[in-house]
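Since we're looking at a predicted model, the values are computed, not measured. All ligand and atom numbering here is 1-based and tracks the order in the structure.
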Amino acid sequence: MSKETFKRTIVVTGGAGFIGSHVVRLFVNKYPDYKIINLDKLTYAGNLANLKDIEDKPNYLFVKGDICDESLVNNLFAEHKVDGVIHLAAESHVDRSIKDPFLFAKTNVLGTLNLLQVAKEYWKDDFSNKLFYHVSTDEVYGALEFDDTLFTEETSYDPHSPYSASKAASDHFVRAYHDTYGLPYVISNCSNNYGPYQFPEKLIPLFIHNIRNKKPLPVYGKGENVRDWLYVVDHARAIDMIFHKGRIAETYNIGGFNEWTNIDLIKVIIKTVDKHLGRPEGSSDSLITYVTDRAGHDLRYAIDATKIKNELGWEPSLQFEEGIEKTVKWYLDNQEWLDNVTSGDYQRYYEEMYTDR
Ligand code: NAD
Ligand code: DAU
């Protein structure tokens, strides 16, 4: 298909990362009449192996580049007549943000600002049928107590980590570009994702990897913090619905209605991995190692996803038990992927980062 015949041309930023790769896969397969351009810098978290199954599709293009690079983003818009952006590129790990907050400000705030500015300049004469979709996080809302309150779209922002502060700042810039220049946007704020292709610095893949290799499982603090877990494919489905049916200048919360304390979740992971490896279920509990808590560790996140359900009909499609089973099986079946991403530079960084744990 030549470029003129595509119905839409969408830049997905961060498409080689965890969630981005699921979004790219969904859009490339579901919309053969859209051109999907994956703009990714390929940091330690970006991996083209995540997209092997779709890399030869005629409606897919990979561009290696930095969202902070003004001329590169300008050229992309000019050459491809981009009419949509789904912006996922970010530094995404809270622990790294504590070590290097400036990198998070640069990528997450200035990178987003650069994309907004280019999109505004290219689209300003005719904003119709254009959309800047900004993918954000529930962490911008801060932390909940151990009660039954949930984050809604009206909850005030109260970020605590450099990561969540940078995401909150980028959300504010997106809204400011609408209010000041008329840029059409949607924002979604999602809870913790899990599933295939997540970089093994995050809790679930890290622990699957360590259980398999009989390495310590570093539980921060008492393991009592609560997260609301959603299977990544359901997040990608929600992004698809919001991109196509979401109202302009609206925010949608996405979550699993699926809260777990870390320690309870870890016990489920241990049992599932033990079962698959033929070990007595629960025997890897001995690997649990309580370590110094994360600085500023948010107690509890939990999303009220009523708005997206009522307006767009989205609900999680997968029960957690099924999702965790699929996830564990995927990591154990894809040991080569795990070995690749945990070798070399990353391994050195990891050792340095966790020497005090
Ligand atoms: P990830 O770390 O797995 O992937 C990030 C991707 O962005 C990588 O491919 C990386 O190479 C790319 N990238 C980083 N800096 C870049 C730059 N300057 N220019 C171009 N590309 C760059 O992240 P993820 O977990 O897939 O998260 C994706 C988005 O979703 C982020 O914006 C994150 O804040 C948000 N989010 C994540 C979760 C979650 O649970 N993982 C939940 C809610 C929201
Ligand atoms: O809520 C959405 C957010 O979820 C996203 O915006 C972030 O990009 C994503 O990384 C995730 O943030 P968390 O900090 O919640 O995820 P992480 O996997 O790092 O940690 C989950 C919980 O497990 C958290 O309470 C910290 C704890 N933890 C984490 C690691 C890596 C441990 O106890 N030990 C660990 O080794």
Numbered atoms of ligand 1 (with element) below 4.0 Å of [X], judged on heavy atoms:
{"X": "Ser92", "result": "1 (P), 2 (O), 23 (O), 25 (O)"}
{"X": "Leu42", "result": "11 (O)"}
{"X": "Gly65", "result": "19 (N), 20 (C)"}
{"X": "Asn192", "result": "40 (O)"}
{"X": "Val135", "result": "30 (O), 32 (O)"}
{"X": "Lys167", "result": "31 (C), 32 (O), 33 (C), 34 (O)"}
{"X": "Thr43", "result": "10 (C), 11 (O), 14 (C), 15 (N)"}

Selection from [options] by shortest heavy-atom distance to [atom]:
{"atom": "atom 5 (C) of ligand 1", "options": "Gly14, Ala90, Gly20", "answer": "Ala90"}
{"atom": "atom 21 (N) of ligand 1", "options": "Lys106, Gln198, Lys41, Lys202", "answer": "Lys41"}
{"atom": "atom 2 (C) of ligand 2", "options": "Asp138, Ile204, Val135", "answer": "Asp138"}
{"atom": "atom 31 (C) of ligand 1", "options": "Leu88, Asn47, Ile239", "answer": "Leu88"}
{"atom": "atom 44 (C) of ligand 1", "options": "Gly46, Cys190, Ser136, Ala89", "answer": "Ser136"}
{"atom": "atom 19 (O) of ligand 2", "options": "Gln198, Arg294, Glu91", "answer": "Arg294"}
{"atom": "atom 30 (C) of ligand 2", "options": "Tyr301, Tyr220, Tyr194, Trp260", "answer": "Tyr220"}

Going by distance only, is there an N or O of [X] that falls short of 3.5 Å from an N or O of ligand 1?
{"X": "Asn193", "result": "yes"}
{"X": "Cys68", "result": "no"}
{"X": "His235", "result": "no"}
{"X": "Leu39", "result": "no"}
{"X": "Tyr44", "result": "no"}

Could you check whether the rings of [X] and [Y] sit parallel, tilted or perpendicular, using 30° and 60° as the cut-offs?
{"X": "Tyr122", "Y": "Phe77", "value": "tilted"}
{"X": "Tyr301", "Y": "Phe151", "value": "tilted"}
{"X": "Phe27", "Y": "His244", "value": "parallel"}

One thing to verify: whether [Y] and [X] come together as a salt bridge, which I'm taking to mean a side-chain N less than 4.0 angstrom from a carboxylate O.
{"X": "Glu91", "Y": "Lys106", "result": "no"}
{"X": "Arg247", "Y": "Glu311", "result": "yes"}
{"X": "Asp83", "Y": "Arg8", "result": "yes"}
{"X": "Lys64", "Y": "Asp40", "result": "no"}

Atom pair [atom1] ([X]) and [atom2] ([Y]), whose distance is rounded to the nearest 0.5 Å:
{"X": "Leu72", "Y": "Asp66", "atom1": "CG", "atom2": "CG", "result": "8.0 Å"}
{"X": "Leu88", "Y": "His134", "atom1": "CG", "atom2": "NE2", "result": "9.5 Å"}
{"X": "Thr327", "Y": "Ile324", "atom1": "OG1", "atom2": "CD1", "result": "5.0 Å"}

Do the side chains of Ile288 and Ile270 get nearer than 4.5 Å, heavy atoms only?
-> yes
Give yes or no for whether the N/O distance cutoff of 3.5 Å, strictly under, is met between [X] and ligand 2.
{"X": "Asp95", "answer": "no"}
{"X": "Trp229", "answer": "no"}
{"X": "Glu139", "answer": "yes"}
{"X": "Leu203", "answer": "yes"}
{"X": "Asn225", "answer": "no"}
{"X": "Ser191", "answer": "no"}
{"X": "Pro218", "answer": "yes"}

Proximity of Asp298 to ligand 2 by residue part, where a heavy atom lies under 4.0 Å = neither
Note: Val94, heavy atoms under 4.0 Å from ligand 2, region reported as side chain
Give the atom numbers and elements of ligand 2 that come within less than 4.0 Å of a heavy atom of [X].
{"X": "His93", "answer": "19 (O)"}
{"X": "Asn262", "answer": "22 (C), 23 (O), 24 (C), 25 (O), 27 (C)"}
{"X": "Val219", "answer": "33 (O)"}

Please check if any side-chain donor atom of [X] sits under 3.5 Å from a side-chain acceptor atom of [Y], or the reverse.
{"X": "Glu139", "Y": "Tyr163", "answer": "no"}
{"X": "Asp240", "Y": "Tyr31", "answer": "yes"}
{"X": "Ser284", "Y": "Asp274", "answer": "yes"}
{"X": "Tyr331", "Y": "Asn334", "answer": "no"}
{"X": "His87", "Y": "Thr13", "answer": "yes"}
{"X": "Gln335", "Y": "Asp339", "answer": "yes"}

Test ring-ring contact (aromatic ring centres under 6.0 Å, His included) on Phe199 and Phe18 and set out the steps.
-> CA-CA 7 Å; Phe199 197 82; Phe18 167 47; over 10 Å; no
Hey, can you pull the donor-acceptor pairs under 3.5 Å for the side chains in residues 313-323, sequence neighbours left out?
residue, atom, partner, partner atom, Å
Trp314, NE1, Asp234, O, 3.1
Ser317, OG, Asp234, OD1, 2.8
Ser317, OG, Asp234, OD2, 3.4

Taking Thr251 as the fixed residue, which of Lys307, Glu153, Glu154, Arg175 is the one that meets the side-chain hydrogen bond (donor to acceptor under 3.5 Å, both in side chains) rule?
-> Arg175
May I ask whether [X] places a heavy atom under 4.0 Å from ligand 1?
{"X": "Tyr163", "result": "yes"}
{"X": "Ala16", "result": "yes"}
{"X": "Thr13", "result": "no"}

Glu201: heavy atom below 4.0 Å from ligand 2, yes or no?
-> yes
Got a sec, which residues hit side chain to side chain contact (heavy atoms under 4.5 Å, CB included) with Val226, two or more places apart in sequence or on another chain?
-> Phe146, Glu259, Thr261, Arg300
Taking non-hydrogen atoms only, is His93 closer than 4.0 angstrom to ligand 1 via side chain, backbone, both or neither?
-> neither
Relative to ligand 1, is Thr107 under 4.0 angstrom through side chain, backbone, both or neither, heavy atoms considered?
-> side chain
